[in-house]
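Input: a single structure, listed below in structure tokens.
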Amino acid sequence: MSEMQEMIMESTEKILKEYSKKEIVNEAENGIWAKELWDNLEAYGMLKVAVPEELMGNGGDQYDAFSILYLIGKYSAPIPLAENYIVNKLLMDLGESVQDEFITISATEHKNLFQIREKDDGWIVSGKAKYVPWARFAQKILVLGETEEDTKLALLPLDNAKIKEGKNLAGEARDEVFFDNVYVEEIKTKSVDIEEQVEKILYTGGLTRSVMMVGALENLLALTKEHISERSQFGRPLYRFQAVQQHMAQLAGEFAATNVAVKNAISSYEKNPVSKEIAFAKLRVNEAIEKVNPIAHQILAAIGFTFEHTLHHSTRRLWSWREEFGKESDWEQIIAKDLMNLNQNELWSLITNVENSSQKVDVK
Amino acid sequence: MSEMQEMIMESTEKILKEYSKKEIVNEAENGIWAKELWDNLEAYGMLKVAVPEELMGNGGDQYDAFSILYLIGKYSAPIPLAENYIVNKLLMDLGESVQDEFITISATEHKNLFQIREKDDGWIVSGKAKYVPWARFAQKILVLGETEEDTKLALLPLDNAKIKEGKNLAGEARDEVFFDNVYVEEIKTKSVDIEEQVEKILYTGGLTRSVMMVGALENLLALTKEHISERSQFGRPLYRFQAVQQHMAQLAGEFAATNVAVKNAISSYEKNPVSKEIAFAKLRVNEAIEKVNPIAHQILAAIGFTFEHTLHHSTRRLWSWREEFGKESDWEQIIAKDLMNLNQNELWSLITNVENSSQKVDVK
Amino acid sequence: MKALRIPVVELPKETEALRNEIRAFIKEELESGSIAPSCDSWLCGFSPELSKKIGEKGWIGMTWPAEYGGKERTSIERYVVTEELLAAGAPVAAHWIADRQSGPLFLKFGTEKQKHFFLPKIARGECYFSIGLSEPNAGSDLAAIKTKAEKVEGGWLLNGSKIWTSGAHLAHYMITLCRTSPQDINNRHAGMSQLVVDLSAPGVTIRPIHLMTGEHHFNEVFFEDVFIPDNMVVGKIGNGWAQGMTELAYERSGPERILSTYPLLNELTNTLIENKDEKGLNEVSKVVTRLWTLRNMSLGIAKLLEEGIPSSLIASLVKDLGTQFEQRMAEITRLLVSAIPSINSESKLEKLMAQAMLQSPGFTLRGGTTEILRGIVAKGVVKA
Amino acid sequence: MKALRIPVVELPKETEALRNEIRAFIKEELESGSIAPSCDSWLCGFSPELSKKIGEKGWIGMTWPAEYGGKERTSIERYVVTEELLAAGAPVAAHWIADRQSGPLFLKFGTEKQKHFFLPKIARGECYFSIGLSEPNAGSDLAAIKTKAEKVEGGWLLNGSKIWTSGAHLAHYMITLCRTSPQDINNRHAGMSQLVVDLSAPGVTIRPIHLMTGEHHFNEVFFEDVFIPDNMVVGKIGNGWAQGMTELAYERSGPERILSTYPLLNELTNTLIENKDEKGLNEVSKVVTRLWTLRNMSLGIAKLLEEGIPSSLIASLVKDLGTQFEQRMAEITRLLVSAIPSINSESKLEKLMAQAMLQSPGFTLRGGTTEILRGIVAKGVVKA
């Protein structure tokens, strides 16, 4: 880590410790916007990391952005920073400046394009998006749509949209957004290839979730370690029990594995935002949860199962985030498609990232 | 258990202790027929249990037969008693007398019917059966075949068949049998419905394997218990280690579960030889192996991994038998078919075996 | 390995009529909208209305002698009733503990007066109990409890606190394990007794412990000089540990250790059948197979209990396997459907998934953790 | 949790050429029929011919100084060589221990004479070692070993026995951990030393231990007044335990803890691709994902080792995860294909399945059992 990066991490962690406390997380789950947290991150320039200054960003690279997201996960920060970064990335890649407002993004299904029709000096928009992160708090939404001429990425103001509130298992806002023939005077649109955008959203979103999940895993691990170090049972500290040790080692293993996986995926992202490493990472992280959450709750026992304790801030987020931007089956299919294109005995080339010199194959 | 049953079990166990010793099992894996074992079981009438006297059997019921098979599994007895019982059952159900020779049975795939054509005063037989249990030691083979007129169960002498020797992971003979236009003077045949026979062979065979597997599991459990009771490490008996206890409890759990499952399946068999209980039992027993074998080997460590120890007699049989007469996917499909025919909220009726009085459904 | 053999139970034909009676009852309740199926309904589904109706049907305390309001039916019949109610996800939490555990405890150890006082009320579905065992810093290690009662004239003065007592804020009484003699290091289980605490008595304070779901089922209960009259001692003073262990035998292998997430399995199966999803049903067939096996184990133990052959070994074993099964249900489901678990979803499946997932940590903790149970099983096997 | 963070390794472009060189070499060997891929080839595949060829290529002892026959290449390059050989299932058992463990031990603790004597021979693929650690009744508890050496003129007299020594019947030497001072109850690790035993010396008896597969890889080795000259002591007398533990660091997180069953995964993938089995490949994608992750962990630790930052915590952790992975491979395979594992089958897949299954118990035992490793990890995490 460079000095600059260390500074970013330190500042972020300081803000999170102050403004993403237990009580704030709990309140946010009841629908209250964590304003101070968001505003502080904004004030420190954290919302526009990894965007060049000429596009109104604050510079830095994707590694910086994902390092911040890791902390977001670790502190269960109840704000849509990941969505903000995804939108930044899409705009930036299209050569557009990033915005000052919070913009959310619609689901990634490309079967459900928004309909955008010219009318008078404005536009009529129809469409529906389910499970939109934090929509109720957003000023605008980035959607995939089609006009009479072509397919577009469109930035729609949410003022006249209907929003039906919902939430995921972690109490994070996941709303339904309806545009029912809404007249909009001005829309920013950009012609795009839909498949390509959908893929980029899925992979970028998948990577944000993977990174946040490993952050949450770090917290889970820390809480577990603290618990077994401090508590005793049958007259012995918990960490001395072999059953506890066997559990703890498995948690450590899953953390170390997912940590390596996402770091490798982040490394790949700058070169290729739809790299196979991202698919591997999200799948690997998702798979960890089935093991990790029950073990952590088993070790922390009744106490960790209470609202009072903060373990559930992490475990419920892990349960929620694994469903978002691709669950296991989605990523399995993506990877399996690559496998299907291999020649005989070529799996090893895919794993090592080195093609056999004697044969050439197109491996994404 | 009745007194009669206890006597049968005691005699069988005595024979097995004497004639299914470690050395004999090892020799059998090298292709030597366990003659004394077979002959003694024959002498005590064990080969024709569960067949009424009028069909040349020795009486008793299926519970007796399966109790004997349980011991066959427990002592890794290297003889085809299960196949012998399957053949007895098929013959008996067709009203035929059981035979004095050892008859094996061909695979259960009904796509591969043997071709039986009349010629002069005899028959010309063609066909091929893979993975036939103990074929090299059999006098005859029971196959599914077709003549010009209809489909038949046919009892073919093996004298002129070609046999290619093979074996399963437990070293049990699993041979390929070819009849290449072989002339046979006399064949016993019986017209049958092929589907029905295939189903009966699969279910009966599946039940024999399930029961033998639970027998083998008992041996595995006993060896494990003995090991942890007698051995020490780091100055403490093994059974005092919590990690060992957690393992041991899981073995005990799988044994108790599979034991109940097969007992319930045996209970159902007399009434319905293709009962859903048999499907449940084979699937449940099969599924146990993935857990049980690694745990037993882990507990017994290096010693249990040697040829010298007898643990592998059981573990290799468990690995082999789960592949025979239906692996997991086969039985899953069978059960899933029943599930597909259920009405809404009717799963509970299937599990309890009590149909909702308000609706009637055909559940096998 | 005789100790691990569980007998086959052929349910008597008569139980089919009983089963259908219960099914008809539940159907009516469902259709009238008075109940809705939910996961873990024996802990989370508190409905005095339903409990009273069930009492009226004669399905509480049904094995008890008629003189105490019982119906003198068999344990197997009781088993049928409980499993039908649980499979339907009916809210039976109110009377659950009293029926399963407190009633039998009175029958076994209580005075005639206690039996006549408590049992008929319980059987009517009007009197609810909770269990006072765990204390802060004495989770799995029950012998470490510190709550104590001192002898005073005509009774005992109780001081201390209990934690994780489910339903204490709704129940009428709590059977409380406490020390009636000072702790003895050489005999950690000596000097304990069981007292019936009236939860409305002066000196009792009940503080809610909210679960991570936000729900309130558990409580911390504090006793400050709570007077317990002598006639509210259960059994013998000093015999509390042994009595409490007997009590545990009733709770380890019942259908509630298998069926807590059954409503989800039912809904999953419904969904897959509707979608004609063969691949999904292949997976469900494994789940059904496990459930079928577990139920046969649980039933077999019920039969053994009825015959007076309790076995903490196999009961612990079934609880371990059963609660693992319950816990995996949500995980299995999410891989077979495209639904996302959400507690406020309009989809029944998504809602049940969320319940099953959020409640899942409790299954393998309550009534003996997995690790404790496996220790019991392993030691039992080595001794067997 | 810094202790659990493993760095990302970007392999230098140059390693691609090396990789392709090895692949070409293996391809030739496969095509000429001199080798056939097998599971667990680093333990079971003993081929002095191949080892010599690999030695000629400069791929044994490749990180060692040139004066001892090494090629002075990086650990990462060595990693590439070993993983390519293992992935191909090449029989590399003959030189494996000497290259991985004995050579580095000499480099670190050996005398100049020892280095000049042993290392060039090892690097040529002509000199094989085995490890003498375990003894009967001292499996995981190595501190309990009893084999001892007594000082005599000009050397030591060795008595005792070692068990589970792989390849002792084929190797030339064994590095033997033994007691050179009597057992001290207060310091169980004191008084041990490492001696090089010439396995052809008088007094050495090698008894085969056949595996349950019937194969002979392991041995029991007995020492009866075996004379070990002073110049065959490795490092310092009394420092054997510490030296031996250093040695273990080389063996815990290498590619051989991940790839023992890779030939099966490769063949499974081939089969499913050939069958255009999408569902099967979905399952394989999970396996590939795990393998990709494990490899990145293993590589990251290799980099840390190269930088002189050994960590028994993460090395143990990777060995645990890696060997679990290896062990599951046969189980995963059998559910995706209709093949039946059989050691004498004509089908490559069935044969590899049988190898992977029959060898599987060893993966999580050798070089530290799962339980021991997890203990190390847990203690490391608590201390971290």
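Letters A, B, ... are given to chains in the order of the sequence lines, protein chains preceding strands, and every chain is numbered from 1. Everything numeric here is computed off the predicted structure, so don't read it as measured data.
- Atom CD of Glu346(C) is surrounded by 12 or fewer heavy atoms from other residues, nucleotides or ligands within 6.0 Å.
- Atom CD of Glu28(C) sits in a sparse spot, with 12 or fewer heavy atoms from other residues, nucleotides or ligands closer than 6.0 Å.
- Note: Asn353(B) CG to Leu11(C) CG = 9.0 Å, rounded to the nearest 0.5 Å.
- Within the 4.5 angstrom heavy-atom criterion, no atom of Glu226(B) approaches chain C.
- Only the side chain of Ile228(B) comes within contact range of chain C, judged by heavy atoms closer than 4.5 Å.
- Side-chain contact between Met248(B) and Val377(C) is absent, with no heavy atoms from C-beta onward closer than 4.5 Å.
- Taking a 6.0 Å sphere around NZ of Lys22(B), one finds it holds more than 12 heavy atoms contributed by other residues, nucleotides or ligands.
- For the residue pair Glu277(B) / Trp292(C), no side-chain donor-acceptor distance below 3.5 Å is found, with atom types taken as modelled.
- Of the residues Arg5(C), Arg295(C), Met297(C), the one that meets the side chain to side chain contact (heavy atoms under 4.5 Å, CB included) test with Val260(B) is Met297(C).
- Using a 4.5 Å cut-off between heavy atoms, Asn296(C) touches chain B through backbone and side chain atoms alike.
- Atom CH2 of residue Trp348(B) and atom CG of residue Leu259(C) lie 4.5 Å apart, to the nearest 0.5 angstrom.
- For Lys337(B), the NZ atom is loosely surrounded, since the number of other residues' heavy atoms within 6.0 Å does not exceed 12.
- Between the side chain of Lys263(B) and the backbone N or O of Ile6(C), at least one donor-acceptor pair lies under 3.5 Å.
- Ser329(B) does not touch chain C: none of its heavy atoms, backbone or side chain, sits under 4.5 Å away.
- The shortest heavy-atom contact between Asp277(C) and Met340(B) is N-CE, 3.9 Å.
- Chain B forms more heavy-atom pairs under 4.5 Å with one residue of Glu278(C), Glu84(C), Glu274(C) than with any other, namely Glu84(C).
- Atom NZ of Lys379(C) has 12 or fewer heavy atoms from other residues, nucleotides or ligands within 6.0 Å.
- Remark: Glu355(B) CD to Asn20(C) CG distance equals 9.5 Å, nearest 0.5 Å.
- The distance from atom CD of Gln245(B) to atom CZ of Arg374(C), rounded to the nearest 0.5 Å, is 12.0 Å.
- Rounded to the nearest 0.5 Å, atoms CD (Glu254(B)) and CG (Leu321(C)) are 6.0 Å apart.
- The main-chain N or O of Asn345(B) is found under 3.5 Å from a side-chain atom of Asn270(C) such that the two form a donor-acceptor pair.
- Looking at Glu371(C), both its backbone and its side chain come within 4.5 Å of chain B, counting heavy atoms on both sides.
- With a 4.5 Å cut-off on non-hydrogen atoms, Asn259(B) touches chain C through its side chain but not through its backbone.
- Within a 6.0 Å radius of CZ in Arg240(B), no more than 12 heavy atoms belonging to other residues, nucleotides or ligands are found.
- Closest approach of Ala336(B) and Asn282(C) over heavy atoms only: CB-OD1, 3.2 Å.
- Of all the heavy atoms in Ile273(C) and Leu339(B), the pair that sits closest is CD1-O, 3.2 Å.
- Ranking Ser285(C), Ala378(C), Ala17(C) against chain B, the residue ahead of the rest is Ser285(C), based on heavy-atom pairs under 4.5 Å.
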Would Tyr262(C) and Leu347(B) count as a side chain to side chain contact (heavy atoms under 4.5 Å, CB included) if you check the C-alpha gap in whole Å, the side-chain angles of each, and the deciding distance to 0.1 Å? CA-CA 10 Å; Tyr262(C) 181 80; Leu347(B) 175 62; 3.5 Å; yes
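- Looking at Lys225(B), its side chain does come within 3.5 Å of a backbone N or O of Ala384(C) through a donor-acceptor pair.
- With contacts defined as side-chain heavy-atom distances shorter than 4.5 Å, the pair Val354(B)/Arg23(C) qualifies.
- Here the closest non-hydrogen pair linking Ala252(B) and Val381(C) is CB-CG2, 3.7 Å.
- If you tally non-hydrogen atom pairs under 4.5 Å between each of Glu10(C), Glu16(C), Glu283(C), Arg290(C) and chain B, the highest count goes to Arg290(C).
- Between atom CG of residue Asn286(B) and atom OG1 of residue Thr289(C) there is a gap of 10.5 Å, rounded to the nearest 0.5 Å.
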